[in-house]
Amino acid sequence: MIEVKNLSKSLGNKKILQNINLKVNKGSIFGLIGENGVGKTTLIKCLTGIYKPDEGDIKINNQEVFENVEVKKYVGYVSDENQYYTSFKISELVKFYKLSYETFSYDRFKEINEIFKIPENKRIRQFSKGMKMRVALMLNLSFYPKVLILDEPTSGLDPIITRKLMNLLIEEVSERKTTVFISSHHIMNLEKICESIAIMEEGTVRYLDSLDSMKNNIKKLQTLFKYTRVLEEIKSWDEVMKIERVGKITYIITKDYSEKLKKRLLDKGSEFVEEVELSLEDMFIHCVEEEDGNEKNIEKTFDL
C-alpha cells in the first residue's frame with residue numbers, strides 16, 4: 001500500500017533523510033521509532049505530500065503522492081501539532097471537512113465523539129493540546145481513510161483516551177482494512193498494535209522488520225562462564241551487540257539469535273544459556289546503542 005524507494009530529502013543545507021526504503025502492507029499497522037531529530041517527521045511530511053523528495057519515489061496504492069489530489073482524497077494525516085483556525089467551532093470544522101472529503105460521515109464523527117467527548121459548540125482556541133489532538137483524530141477517521149498517517153497521535157492524551165485510541169485503530173484495521181503508519185515515542189503503545197517496526201537513526205532506517213521477527217532475533221541471554229577470558233572472543237561475534245556483567249552472571253544481547261548461537265555459547269564454556277524477554281523499548285535502546293558504537297563493550301570489569 002505504501003512504498004518508499006531510495007528517498008532522500010534535504011532542508012536548507014542539511015540532509016535530513018538518506019536513502020530510505022520501506023514498504024507497508026495494506027491493512028497493517030506500521031510503527032516508526034527513533035530519537036528526537038533523526039528525521040521521523042520529515043519522512044512523514046514526505047509521505048503525505050507536504051515535502052517533495054529530492055531523490056527517490058513515494059507511492060501509495062501504486063500512485064505518486066506529491067501533488068496528487070486523487071491519493072490525498074483517501075489519506076488521513078494527524079500531525080503532532082494540529083493547526084486549525086482558532087476561531088472555528090468544532091461544528092464549523094466538521095462542515096469544512098464535509099466540503100473537503102466527499103466520504104466524510106457526520107454519523108461516524110458522532111460515533112467516535114461518544115469516546116472522545118468533545119463539545120461541538122466550542123471554539124478551537126478554548127481547547128488544550130490533548131483536546132485538539134482528539135478533534136484531529138476524529139475528523140480524519142470520519143472520512144474513512146484508506147491510509148492513516150499519525151505523527152505522535154498520543155501527544156497530550158491521558159492514558160484512558162490513549163488506550164481507547166489504540167483499540168479504535170485496531171478496529172479500523174480489522175473492519176475496514178485501513179493501513180496505519182504511526183510514529184510515537186510511546187513505544188509500549190506501538191508494541192501492542194504494530195505488525196512491523198522501523199527504527200530510524202540519523203536520517204536512515206537503522207532496522208526494519210516485523211515485530212515477531214524482532215522478538216525472535218533480538219534477545220537477551222543470561223549465561224554463566226567459569227572462565228571469563230572467553231568473553232573477549234564472544235564480543236567480536238557478528239550476532240552479538242553487547243555484553244553486560246552483573247556479578248557472576250553475563251548477559252549477552254544478540255541481534256540474530258539461533259539455536260546455533262546457543263550451542264556455540266555452551267561450547268565456549270557457559271554452564272547455561274537462558275532467554276530473558278525484551279520489550280520493544282529494550283530492543284530499540286540496544287539497537288541505538290549499537291549504532292553509537294557501544295555494542296562491543298563489556299560493561300563492568302571482569303577477571304581474565
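- Counting only heavy atoms from C-beta outward, the side chains of Met188 and Ser279 never approach each other to under 4.5 Å.
- Atoms SG and CG, from Cys287 and Asp209 in turn, are 10.0 Å apart once rounded to the nearest 0.5 Å.
- Contact check for Tyr74 versus Thr103: no side-chain heavy atoms found under the 4.5 Å cut-off.
- Taking all atoms of both residues into account, the shortest heavy-atom contact from Gly56 to Pro53 is O-CB, 4.3 Å.
- Using a cut-off of 4.0 Å between Lys/Arg side-chain N and Asp/Glu carboxylate O, Arg229 and Glu232 are scored as not salt-bridged.
- Exactly one residue among Leu157, Asp151, Leu150 makes a side chain to side chain contact (heavy atoms under 4.5 Å, CB included) with Pro153. That residue is Leu150.
- Ring pair Tyr84/Tyr97 is perpendicular by interplanar angle, where above 60° counts as perpendicular and below 30° as parallel.
- Using a 4.5 Å heavy-atom threshold, the side chains of Thr41 and Ser183 count as separate.
- Checking side-chain atoms of Thr179 against main-chain N and O of Gly27 turns up a donor-acceptor pair under 3.5 Å.
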Query - Asn216/Ser213 under side chain to side chain donor-acceptor pair (under 3.5 Å): CA gap, chis, key distance, verdict - result: CA-CA 5 Å; Asn216 288 332; Ser213 181; 5.8 Å; no
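- We find the CD-CG distance between Glu55 and Leu17 to be 11.0 Å, quoted to the nearest 0.5 Å.
- A salt bridge does not link Lys129 with Asp80: every distance from a Lys NZ or Arg NE/NH1/NH2 to an Asp or Glu carboxylate oxygen is 4.0 Å or more.
- Rounding to the nearest 0.5 Å gives a distance of 8.5 Å between CG of Leu168 and CD of Glu111.
- Around the CZ atom of Arg163, the shell of radius 6.0 Å holds no more than 12 heavy atoms that belong to other residues, nucleotides or ligands.
- Salt bridge Glu92/Lys95: absent, no basic N to carboxylate O contact under 4.0 Å.
- Closest approach of Lys9 to Lys52, counting heavy atoms only: NZ-O, 2.9 Å.
- Residues Arg264 and Glu239 are in side-chain contact: their nearest non-hydrogen atoms beyond the backbone lie under 4.5 Å apart.
- The pair Lys215-Glu191 meets the salt-bridge criterion, since a charged nitrogen lies less than 4.0 angstrom from a carboxylate oxygen.
- For the pair Asp256/Trp237, no side-chain contact is recorded, criterion being any heavy-atom separation below 4.5 Å from C-beta on.
- When the side chains of ILVMFWY residues are joined at heavy-atom separations under 4.5 Å, either directly or via intervening members, Val71 and Val78 end up in two distinct hydrophobic clusters.
- Between the side chain of Arg134 and the backbone N or O of Phe116 there is at least one donor-acceptor pair closer than 3.5 Å.
- For the pair Ser174 (side chain) and Ile170 (backbone), a donor-acceptor distance under 3.5 Å is absent.
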Report task. Might you work through the salt bridge (Lys or Arg N to Asp or Glu O under 4.0 Å) test for Lys220 and Glu244, ending with a clear yes or no? Result -> CA-CA 10 Å; Lys220 187 174 187 176; Glu244 302 171 336; 3.6 Å; yes
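- The environment of Lys72 atom NZ is dense: over 12 non-hydrogen atoms of other residues, nucleotides or ligands sit within 6.0 angstrom.
- The number of heavy-atom neighbours closer than 6.0 Å to NZ of Lys132, taken from other residues, nucleotides and ligands shown, is above 12.
- Rounding to the nearest 0.5 Å places OG1 of Thr250 at 11.0 Å from CG of Leu221.
- Note: Lys15 NZ to Asn13 CG = 12.5 Å, rounded to the nearest 0.5 Å.
- Of the possible polar contacts, one joining the Ser28 side chain to the Asn25 backbone as a donor-acceptor pair under 3.5 Å is found.
- Val147 is not connected to Ile112 by any chain of hydrophobic side-chain contacts under 4.5 Å among Ile, Leu, Val, Met, Phe, Trp and Tyr, and they are in different clusters.
- Cluster membership for Ile58 and Leu32, using ILVMFWY side-chain heavy atoms within less than 4.5 angstrom, is shared.
- Within a 6.0 Å sphere centred on CD of Gln63, other residues, nucleotides and ligands contribute more than 12 heavy atoms.
- Between Glu172 and Leu148, the closest side-chain pair of non-hydrogen atoms is not below 4.5 Å.
- Atom CD1 of Ile160 is surrounded by 12 or fewer heavy atoms from other residues, nucleotides or ligands within 6.0 Å.
- Residues His185 and Lys40 have side chains in contact (heavy-atom distance under 4.5 Å, counting atoms from C-beta outward).
- Scanning both residues, Asn21 and Leu208, for their nearest heavy atoms gives O-CD2, 3.8 Å.
- Phe30 and Phe181 have parallel rings, their planes meeting at less than 30° on a 0 to 90° scale where 60° marks the start of perpendicular.
- The pair Lys262-Glu275 does not meet the salt-bridge criterion, since no charged nitrogen lies less than 4.0 angstrom from a carboxylate oxygen.
- The structure places CD of Glu3 at 11.5 Å from CD1 of Ile60, a figure rounded to the nearest 0.5 Å.
- Atom OH of Tyr85 sits in a sparse spot, with 12 or fewer heavy atoms from other residues, nucleotides or ligands closer than 6.0 Å.
- Two residues are said to be in side-chain contact when any heavy atoms from C-beta on lie closer than 4.5 Å; Ile90 and Met138 fail this criterion.
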